[in-house]
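Just so you know, residue 1 is the first one in the sequence shown, and it goes up from there.
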Amino acid sequence: MRRSRLACLLLALTVPLSARAAELTVSAAASLTDAFNDINQLFSAQAPGATVRANYGASGTLLQQMSGGAQVDVFASADQATMDKAVAQKLVDAGTRRDFATNSVVLIVPAQDAVPIASVQDLTGAAVKRIAVGKVATVPVGRYTRQALESAGLWTALEPKLVPADSVRQVLDYVRRGEVDAGFVYRTDAAVMKDRVRIVLTATGHTPVSYPVAVGGDSPHKALAQQYVDFLGTPQAREVLQRYGFGQP
């Protein structure tokens, strides 16, 4: 009886370990949250025994996690610069890198009682007091925003009004709650909250927004991770990305 109990205990401990062996950790830019939630379900359905654990955040923050030792099977960034750093630090397998989506940066305001804004120059007006932007050091949309405002000759003039955010979704949250007068996000993020925020213009003068993906350098599931990267290029995944407003590379 004692031996039988021990066997059952060993079996109980073994099952979770085997399940975890097929778990894929995907670290992806915050702007991909809604689309990847759907894509992850589709991928799991066509990869028997595999589950996906999603980790969303600012691309730069995800890179810092990887640099600090976090094990990642797939890394999807909202910009090329962050992926370049991941390649340079050998945190991803450079040979698996590919672009899978594009986006655009827009200026949004609260849907109700917003300050009238028709151009980026209007941001310098006294009525606009707070503008949410992603942190330039870690949030790609923050870098795109800075490029756009520098191109317009407005970055320095607007710096006192800027409210830094930890991710593009935090910028979106600030605007939807009316805590700021305006904010720069991706068009896909604005679409998620179209009843709470309004797009007033599309930003120009910045590097094109493109999303690269690659297999993690220390992934213990490289074949499955490569399968996930390849899946992002299938008609199924592209339909999801398109539905959420992403363009093709």
Side-chain angles (χ1 to χ4, degrees), residues 28-35 56-64 76-82 85 101-211 244-247:
S31 52
L32 293 166
T33 300
D34 301 278
Y56 301 115
S59 299
T61 300
L62 298 176
L63 179 68
Q64 290 173 356
S77 171
D79 68 335
Q80 300 295 333
T82 302
K85 292 178 182 177
T102 61
N103 214 332
S104 57
V105 177
V106 297
L107 179 66
I108 59 172
V109 297
Q112 304 294 328
D113 304 319
V115 174
I117 299 173
S119 69
V120 287
Q121 283 73 23
D122 290 341
L123 295 175
T124 62
V128 178
K129 294 178 171 52
R130 292 161 61 84
I131 306 163
V133 298
K135 291 180 179 177
V136 175
T138 54
V139 186
V141 77
R143 289 193 287 277
Y144 293 129
T145 298
R146 179 167 185 164
Q147 290 173 2
L149 293 178
E150 285 182 338
S151 178
L154 296 174
W155 177 260
T156 302
L158 292 176
E159 272 193 288
K161 300 183 178 186
L162 302 183
V163 178
D166 291 326
S167 73
V168 67
R169 287 301 171 93
Q170 189 172 62
V171 174
L172 182 66
D173 203 38
Y174 285 160
V175 178
R176 78 168 181 85
R177 295 201 308 246
E179 295 180 3
V180 297
D181 299 304
F184 286 89
V185 300
Y186 298 117
R187 184 173 295 278
T188 52
D189 295 293
V192 172
M193 288 282 177
K194 59 186 177 182
D195 58 331
R196 304 293 298 276
V197 303
R198 180 167 55 85
I199 296 174
V200 294
L201 60 86
T202 299
T204 59
H206 60 80
T207 303
V209 182
S210 61
Y211 291 69
Y244 281 99
F246 292 93

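- Residues H206 and A148 come closest through the heavy atom pair CB-N, 4.1 Å.
- Taking both residues in full, the closest heavy atoms of F184 and V171 are given as O-CG1, 3.5 Å, listed atom of the first, atom of the second, then distance.
- A side-chain contact (heavy atoms from CB on, under 4.5 Å) with L107 is found for one member of V200, T202, I199 and no other, namely V200.
- Rounded to the nearest 0.5 Å, atoms CZ (R198) and CD (Q112) are 9.0 Å apart.
- Counting only N and O atoms by type, the side chains of S59 and R143 include no donor and acceptor under 3.5 Å apart.
- The closest side-chain heavy-atom distance from L154 to L123 is not below 4.5 Å.
- The shortest side-chain heavy-atom distance between Q80 and S210 falls under the 4.5 Å cut-off.
- The NZ atom of K161 sits 8.0 Å away from the NZ atom of K129 when rounded to the nearest 0.5 Å.
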Working for side-chain contact (heavy atoms from CB on, under 4.5 Å), residues V120 and T204: CA-CA 10 Å; V120 287; T204 59; over 6 Å; no

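- D166 CG to T138 OG1: the interatomic distance, rounded to the nearest 0.5 Å, is 6.5 Å.
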Residues V105, Y186; criterion side-chain contact (heavy atoms from CB on, under 4.5 Å); working and verdict: CA-CA 4 Å; V105 177; Y186 298 117; 4.2 Å; yes

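- The CG atom of L162 sits 9.5 Å away from the CZ atom of R146 when rounded to the nearest 0.5 Å.
- Side-chain contact between L32 and Y244 is absent, with no heavy-atom pair separated by less than 4.5 Å.
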Test side-chain contact (heavy atoms from CB on, under 4.5 Å) applied to K85 and T82, step by step: CA-CA 5 Å; K85 292 178 182 177; T82 302; 5.6 Å; no

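- Within the 4.5 Å cutoff, side-chain heavy atoms of T124 are placed close to those of L158.
- Looking at I131 and D181, their side chains never come closer than 4.5 Å, going by heavy atoms from C-beta outward.
- When all heavy atoms of S31 and Y211 are compared, the closest pair comes out as OG-OH, 2.9 Å.
- Looking at S167 and Y56, their side chains never come closer than 4.5 Å, going by heavy atoms from C-beta outward.
- With S151 contributing its side chain and Q147 its backbone, the two residues share no donor-acceptor pair below 3.5 Å.
- G142 and V136 get closest at one heavy-atom pair: O-CG2, 3.9 Å.
- Listed for the R187 side chain is no donor-acceptor partner under 3.5 Å among the backbone atoms of G245.
- A pairwise comparison of heavy atoms in I117 and S119 identifies CG2-O, 3.5 Å as the closest pair.
- Heavy atoms only, all atoms of each residue included: V180 and A132 are closest at CG2-CB, 3.9 Å.
- Distance check: K135 NZ to Q170 CD gives 7.5 Å after rounding to the nearest 0.5 Å.
- Between V128 and D122 there is no side-chain heavy-atom pair separated by less than 4.5 Å.
- Salt bridge status for R169 with D34: present, with a side-chain N to carboxylate O gap under 4.0 Å.
- Here the CZ-CD1 distance, from R196 to I108, works out to 11.5 Å after rounding to the nearest 0.5 Å.
- By the neighbour-count criterion of 12 heavy atoms within 6.0 Å, atom CG of D195 is densely surrounded, having more than that number from other residues, nucleotides or ligands.
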